[in-house]
Amino acid sequence: QVQLVESGGGLVQAGGSLRLACAASGRTFSNYGMGWLRQAPGKEREFVATISYSGRITDYVDSVKGRFTISRDNAKNSVYLQMNSLKPEDTAVYYCAQAYGATSSNKINDYIYWGQGSQVTVSS
């Protein structure tokens, strides 16, 4: 049984920073691509960032490029999302997700396992 547990969300002022963490268990973490996705109130879930199994390949939605950084530590079975220069429009529930395969992906349907979500609220 795969489990993904997010932590690190919270309330921050615009311009501030937060770091999300996701701890994975249940299958060999280093074999799979990982992603962060988010869902704002009244909006569809959207892709934010992804990282390949090795960590060599990353990709981001245009709206967070230059502000967010995804990383992983395969020895700790964990993936992270460092969020800097946060904006009110970044307010959402952020989900950690594990892909079907080893590659990174910006497609929501490529993710098979999901965490419970972590609320990030950015005040103006």
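Predicted model only: the values in this text are computed from it and were never measured. Scope of the values below: all heavy atoms of this structure, side chains included, with no hydrogens, waters or symmetry mates.
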Visitor: Looking at residues at least two apart in the chain, or sitting in another chain, which of them share a side chain to side chain donor-acceptor pair (under 3.5 Å) with Q116?
Guide: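 Per chain and number, Q116 pairs via side chain to side chain donor-acceptor pair (under 3.5 Å) with E6.
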
Visitor: Give me each pair satisfying disulfide bond (SG atoms under 2.5 Å apart) with a member in residues 24-89, each pair once, sequence neighbours excluded.
Guide: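 Disulfide bond (SG atoms under 2.5 Å apart) check on residues 24-89 returns no pairs.
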
Visitor: In this structure, are over 12 heavy atoms from other groups packed under 6.0 Å from Q3 atom CD?
Guide: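 For Q3, atom CD is not crowded (no more than 12 foreign heavy atoms under 6.0 Å).
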
Visitor: For T50, which residues count as a side chain to side chain donor-acceptor pair (under 3.5 Å) partner, sequence neighbours excluded?
Guide: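 Scan of T50 (side chain to side chain donor-acceptor pair (under 3.5 Å), adjacent residues dropped) gives Y111.
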
Visitor: Find the distance between CG (L4) and OH (Y95) and round it off to the nearest 0.5 Å.
Guide: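 One finds 13.0 Å between CG of L4 and OH of Y95.
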
Visitor: Checking R72 now: which residues fulfil salt bridge (charged side-chain N to carboxylate O under 4.0 Å, His left out) with it, not counting sequence neighbours?
Guide: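 Salt bridge (charged side-chain N to carboxylate O under 4.0 Å, His left out) check on R72 returns nothing, list empty.
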
Visitor: Is any side-chain heavy atom of W114 closer than 4.5 Å to one of C96?
Guide: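 A side-chain contact under 4.5 Å is absent here.
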
Visitor: The criterion is side chain to side chain contact (heavy atoms under 4.5 Å, CB included); which residues satisfy it with T58, sequence neighbours excluded?
Guide: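 With neighbours one apart ignored, the set is I51, Y60, I70.
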
Visitor: Only counting residues at least two apart or in another chain, list the ones meeting side chain to side chain contact (heavy atoms under 4.5 Å, CB included) with V61.
Guide: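 For V61, the residues satisfying side chain to side chain contact (heavy atoms under 4.5 Å, CB included) (neighbours in sequence not counted) are F47, S63, V64.
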
Visitor: Would you call the rings of F68 and Y94 parallel, tilted or perpendicular, taking 30° and 60° as the class edges?
Guide: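 Judged by the thresholds at 30° and 60°, the geometry between F68 and Y94 is tilted.
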
Visitor: According to salt bridge (Lys or Arg N to Asp or Glu O under 4.0 Å), does anything in residues 42-60 pair up with another residue at least two apart or in another chain? List the pairs.
Guide: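 Those involving residues 42-60 are R38-E46.
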
Visitor: Look up atom CD1 in I57 and atom OG in S52, then write down how far apart they are to the nearest 0.5 Å.
Guide: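 One gets 4.5 Å once the value is rounded to the nearest 0.5 Å.
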
Visitor: Applying disulfide bond (SG atoms under 2.5 Å apart), which residue pairs with at least one partner in residues 45-77 are found, sequence neighbours left out?
Guide: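 Residue pairs with at least one partner in residues 45-77: there are none.
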
Visitor: Just jot down the side chain to side chain contact (heavy atoms under 4.5 Å, CB included) partners of D73, sequence neighbours excluded, or say none.
Guide: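 D73 satisfies side chain to side chain contact (heavy atoms under 4.5 Å, CB included) with A75, K76, Y80 only.
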
Visitor: Do the charged groups of D62 and K65 touch, with an N to O distance under 4.0 Å?
Guide: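 Salt bridge: yes.
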
Visitor: Counting distance only, does the side-chain N/O of T91 pair as donor-acceptor with the main-chain N or O of V122 below 3.5 Å?
Guide: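 Yes: the side chain of T91 pairs with the backbone of V122.
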
Visitor: Using atom types as modelled, flag every donor-acceptor pair under 3.5 Å from a side chain in residues 10-22 to any protein atom, sequence neighbours excluded.
Guide:
{"from": "S17", "atom 1": "OG", "to": "N84", "atom 2": "OD1", "distance (Å)": "2.9"}

Visitor: Applying side chain to side chain contact (heavy atoms under 4.5 Å, CB included), name anything that partners D110, two or more places apart in sequence or on another chain.
Guide: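 Side chain to side chain contact (heavy atoms under 4.5 Å, CB included) check on D110 returns S105, K107.
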
Visitor: R27: which residues meet the salt bridge (charged side-chain N to carboxylate O under 4.0 Å, His left out) condition with it, sequence neighbours left out?
Guide: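 Listed in chain order: nothing, the list is empty.
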
